[in-house]
Structures are given as C-alpha cells and as structure tokens.
Undergrad: 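To start, I am sharing the structure in question, which I have written as structure tokens.
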2 protein chains.
Amino acid sequence: MENILFDFISKYISLSEVEKNALLSLGLFHSVKKGTVLLKEGQKTQDSFFVLKGCIRVYYIIDGEEKTTAFYTEMDVLTPHCVINKAPSEYFISCVEDSILTVSNSDMGVEMNSKFPKFDIMCRMLSEELLAKQRIDFDKFKTTSPEQRYLNLLQKRPDLIQRVPQHQLASYLGIKPQSLSRLRARILEKKS
Amino acid sequence: MENILFDFISKYISLSEVEKNALLSLGLFHSVKKGTVLLKEGQKTQDSFFVLKGCIRVYYIIDGEEKTTAFYTEMDVLTPHCVINKAPSEYFISCVEDSILTVSNSDMGVEMNSKFPKFDIMCRMLSEELLAKQRIDFDKFKTTSPEQRYLNLLQKRPDLIQRVPQHQLASYLGIKPQSLSRLRARILEKKS
DNA sequence: GTGACTCGTTCACTTAAGTTAAGAAATGCG
DNA sequence: CGCATTTCTTAACTTAAGTGAACGAGTCAC
C-alpha cells in the first residue's frame, strides 16, 4: 500500500529514505467501511484524503435530496473546501465502497513542509495540475448534453458506471435518475 | 496599477521593497485591445495572466460555434492548461474589453521562485484556493437549472451581465442564446 | 420467511431547452 | 451618414429533461 503512495509522489518529486520514513511515521493509512461519512455539512475539518483503494464521493443535501457531484477513486486527492477557507463544510463526503485512504491533516502538512520544503513544491504542482484539469472537465460539462456526458464517462471512467449506484451517477451527470434510465434506453435502441 | 498587483499578493505573502522591485523589473504589465486573441487552439504558450483591469474569456470553437466557458475579470488569475501539461491548447483566450494584464511566463516564475522561495508558497496557496473555489462553482452548476444559474450570476457577478455579450453569457451558463433570451423574459414576467 | 426499503425502470404528462427562421436593434466601418 | 454585420429578441415547432406515480427486483432486518 505504501508503494502506491510513493509511486504517486514520485511523479512530482523524488524522496529519500529519510523522507519516506518521516512520511510513514505520521500514521496516514486508514481503512474505511462502505457508507462511512468522512465529513458532514456544517462541520469543520483539517483532513485531506488520498484514495489508495476504493471510492469516496462528495454530495450535498438539497431540499432533502442527495446530490452527488464528485467521485474520487484510486490515486485521486481530495482537499475539502473547508480546509482551505476555514469555514464550515458545504458538503458531505462518504465512502462508496470499503476503501483504504491516507488521511492527512494540515498540521502534518505544516510539519512535513517545514522539514522538507520539497513537499511544498509537490503540493503546488499537484494543485496547479488539478486546477487546470478540473477547468477542462467543467468546460466539457458546459458544452455537452447529458447524453454526450454519459457517453463521455463511458469512455473516460467506465469503472465508475459499474461501481457506483445509478442515482448517484445521475446527479453527477447533472440530471435525475429517471432521465439517466431513459437516456440509457435511448442509447441501447440507437445501437440496435 | 502596480498597487493592485501588490495588494493582491499581500493577501498571501508580504513583500520587501527588494522583492517588489525584482517583480517590477520583469516588465509584466501589458495593455491589450478588445478583441485581441491571447492564445489560440493548438498553440502552446508559457504565459499566465493576471487581470488588473478589463475582462478576458476562454472559449472553444465546436462545430464552427464559439462556446465561452469562463470569464476572468479584475483580480482573477488564469494559467492556461497548456502551461501545465505542455500540450497544445484546447481553447482560445481573448480580450472582451480593452484590458490591462500582467503576463508572466514560466521562466520568470522559475527565476522569481529560485530567488524568493516565498513565491512558491504564494502560488501553492493561490492554486489550492482556486481549486477549492472552482470545485464549489462546478458543484453549483451541476445542481442548478439554467434559470437558477442566471439568477445566481445576477447576485454574484452582476457586472458580467452588463459588460459581456449575451451569446457569450449563454454558453457560459450552458445554454443557447435564444434560451437565455427566453429565460430572461420569463423572469421579468414573474416579477410583474 | 415476511415486511420494509432501496434501487432501477417505465409510463404519462408537464415544462423547458434546442432548432430554425425571421426581423428588430445596436454596432462598426468606410 | 448609411450600409453591413453582429447581436438580441420573438415565434413555431421539436426534442429531451423534470415530475409524479407505479411496479418488480434485490437487500436488510427481525
């Protein structure tokens, strides 16, 4: 499991054994059961998540309905908004499957960054990359129809469609579960 | 004009006179005429933009049609995707109004960062903040209807509705210009 | 095993966005 | 100024998403 983390980090910086050990000594690794809520609306946290195995999702409860807006799977990083802006969270985070995560609070971040300035560089590279990527995803969302978005997801993240309940996928695609059902039927019909 | 930039930076780090002068010596400031295209699809660039005055937009040309997906106004920062991933740009960037920008290429960034490590910290803080903010914007987009999105924009960025052509606003809201027109008429009718 | 829930699908109906086209209003340019 | 172009609005029609309801399949708890 450690190697997944180190492989990920090695895309940005190279770590010495000393640094690796410092990182491991923080006790980052956590097993989390399916359904566990990691963060609730209104709560504050300092924890960021890195998914080693499994899947977590971000969702809102609007008019009593769950609206899932993001999924994070293997090798994805999630720093909640409330960690950045110090305000209560606008959304929930929960486990879609039994998962293994690294959970790092900002104290650890501060400690690692002061000992090893490299980590700051990595965090900068990572967040710049994620920002630019998310910009592209957002643009794609704006410029495509629900059907195109579904077909696109089928291409880019086919695993998600298998491992995640349809009604969560629907709001992720910006539509209602019934519309997703219909849209899928429509696509099947076209193929035949 | 320099003070706008320094005020912005001071939200993240404090600069000495030496550092301020080093920054000014880079010759960052540029006046750009309305309509100027700063980046074309397929091009590569190392330039990032900070808007001191005016407005720039990101757009795609899909099936011969312009699709505007983002506007950057006073105090906004835009680092194109192609600066991060070194691939040709997927989108265009152009000036909506006569604008004053700072344009900084990554060589300057490298130079400033090596002389003054503080800048790295600032860049990290900034991109983390923008990433989290954009996540919220994206979520809001997914969970609201075009009409709600328009009303929301009216609240959050009323200036945009004044200074930007409707057809660009429409695709920014994820709809066609005709739908925006109709939607506005619908809202006016409700009020009366 | 039975009843309560959740989940996905289907249907009929409503509502709003896409499409195509036309014309009015505003803007830009020679 | 006047002509051309762009921008915005309106309208009629098509298409697809939202809504409310019902049903069957699967899951969970007792």
Side-chain angles (χ1 to χ4, degrees), chain A residues 33-37 55 57 59 61-69 71 94-98 141-154 160-192, chain B residues 33-37 55 57 59 61-68 71 92 94-98 141-154 160-192:
Chain A
K33 282 275 165 228
K34 175 175 175 173
T36 308
V37 176
C55 178
R57 71 184 170 111
Y59 64 99
I61 295 185
I62 299 171
D63 299 331
E65 276 198 23
E66 270 189 22
K67 306 271 187 180
T68 300
T69 56
F71 296 101
S94 87
C95 268
V96 174
E97 310 168 343
D98 291 352
F141 192 94
K142 279 186 180 173
T143 56
T144 55
S145 67
E147 184 170 329
Q148 289 174 301
R149 294 199 285 261
Y150 177 77
L151 291 170
N152 205 41
L153 193 66
L154 212 52
L160 261 195
I161 294 171
Q162 300 308 319
R163 66 207 285 197
V164 158
Q166 299 280 337
H167 66 281
Q168 291 175 13
L169 265 188
S171 58
Y172 178 70
L173 294 169
I175 57 177
K176 304 279 157 172
Q178 297 94 318
S179 297
L180 177 55
S181 231
R182 179 169 41 197
L183 177 160
R184 281 156 57 92
R186 204 163 60 218
I187 290 170
L188 277 177
E189 204 166 296
K190 279 183 195 167
K191 276 190 190 168
S192 63
Chain B
K33 281 274 165 228
K34 175 175 175 175
T36 307
V37 176
C55 178
R57 70 186 172 111
Y59 64 100
I61 294 185
I62 299 172
D63 299 331
E65 275 198 24
E66 270 189 21
K67 306 271 188 181
T68 299
F71 296 101
F92 296 77
S94 87
C95 267
V96 175
E97 309 169 342
D98 290 353
F141 192 94
K142 279 187 180 172
T143 56
T144 54
S145 67
E147 183 169 330
Q148 289 174 302
R149 295 200 284 262
Y150 177 77
L151 291 170
N152 205 40
L153 192 67
L154 212 52
L160 261 194
I161 294 172
Q162 301 307 318
R163 64 207 287 197
V164 158
Q166 301 280 337
H167 66 281
Q168 292 176 12
L169 265 187
S171 58
Y172 178 71
L173 294 170
I175 57 176
K176 303 279 158 172
Q178 298 90 319
S179 298
L180 177 55
S181 231
R182 180 168 41 197
L183 178 161
R184 283 156 56 92
R186 203 162 61 218
I187 290 170
L188 276 177
E189 204 166 294
K190 280 184 194 165
K191 276 191 189 166
S192 62

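Residue numbering restarts at 1 for every chain, and letters A, B, ... go by the order of the sequence lines.
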Undergrad: How many Å lie between CD on Gln166(B) and C1' on dT6(D), as a whole number?
TA: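 Answer to the nearest Å: 13 Å.
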
Undergrad: Round to the nearest Å and state the distance from Leu169(B) atom CG to dC8(D) atom C1'.
TA: 12 Å

Undergrad: Classify the angle between the aromatic ring planes of Tyr59(B) and Phe92(B) as parallel (below 30°), tilted (30 to 60°) or perpendicular (above 60°).
TA: parallel

Undergrad: I need the CD-P distance between Gln148(B) and dA17(D), as an integer number of Å.
TA: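 Nearest whole value for this atom pair: 18 Å.
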
Undergrad: Decide, yes or no, whether a salt bridge links Lys34(B) with Asp98(B) under the criterion of side-chain N to carboxylate O below 4.0 Å.
TA: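 No, this pair does not count.
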
Undergrad: Any chance you could list the contact pattern along nucleotides 16-30 of chain C? Use B for base contacts, S for sugar-phosphate-only contacts and - for none, protein heavy atoms under 4.0 Å, 5' to 3'.
TA: SBBSB-------S--

Undergrad: If I compare all heavy atoms of Gln148(B) with all of Thr144(B), which pair ends up nearest, and what's the gap?
TA: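 Of all heavy-atom pairs spanning Gln148(B) and Thr144(B), the closest is OE1-CA, 3.4 Å.
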
Undergrad: Taking atom types as modelled and ignoring hydrogens, do the side chains of Arg182(A) and Ser179(A) form a donor-acceptor contact shorter than 3.5 angstrom?
TA: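 Result is yes, a qualifying pair exists.
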
Undergrad: Can you tell whether the side chains of Glu97(A) and Arg57(A) come within less than 4.0 Å, N to carboxylate O?
TA: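 Salt bridge between Glu97(A) and Arg57(A), a charged N being under 4.0 Å from a carboxylate O: no.
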
Undergrad: Where is the tightest heavy-atom contact between Lys33(A) and Cys95(A), given as atom of each residue plus distance?
TA: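 Nearest pair, atom of Lys33(A) first, then Cys95(A): O-CB, 3.5 Å.
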
Undergrad: Please determine if a side-chain N or O atom of His167(A) lies less than 4.0 Å away from the OP1 or OP2 oxygen of dG8(C).
TA: yes

Undergrad: How many angstroms lie between CZ in Arg149(A) and OG1 in Thr143(A), if you round to the nearest 0.5 Å?
TA: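 It comes to 9.0 Å.
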
Undergrad: May I have the distance from Leu188(B) (atom CG) to dC8(D) (atom P), rounded to whole angstrom?
TA: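 It works out to 16 Å between those atoms.
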
Undergrad: On a heavy-atom basis, which atom in Pro177(B) and which in His167(B) lie closest, and how many Å separate them?
TA: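 Reported closest heavy-atom pair: CG-CB, 3.7 Å.
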
Undergrad: At 10 degrees resolution, what angle do the end axes of the helix from dG1(C)-dC30(D) to dG30(C)-dC1(D) form when each is taken over five base pairs?
TA: 50°

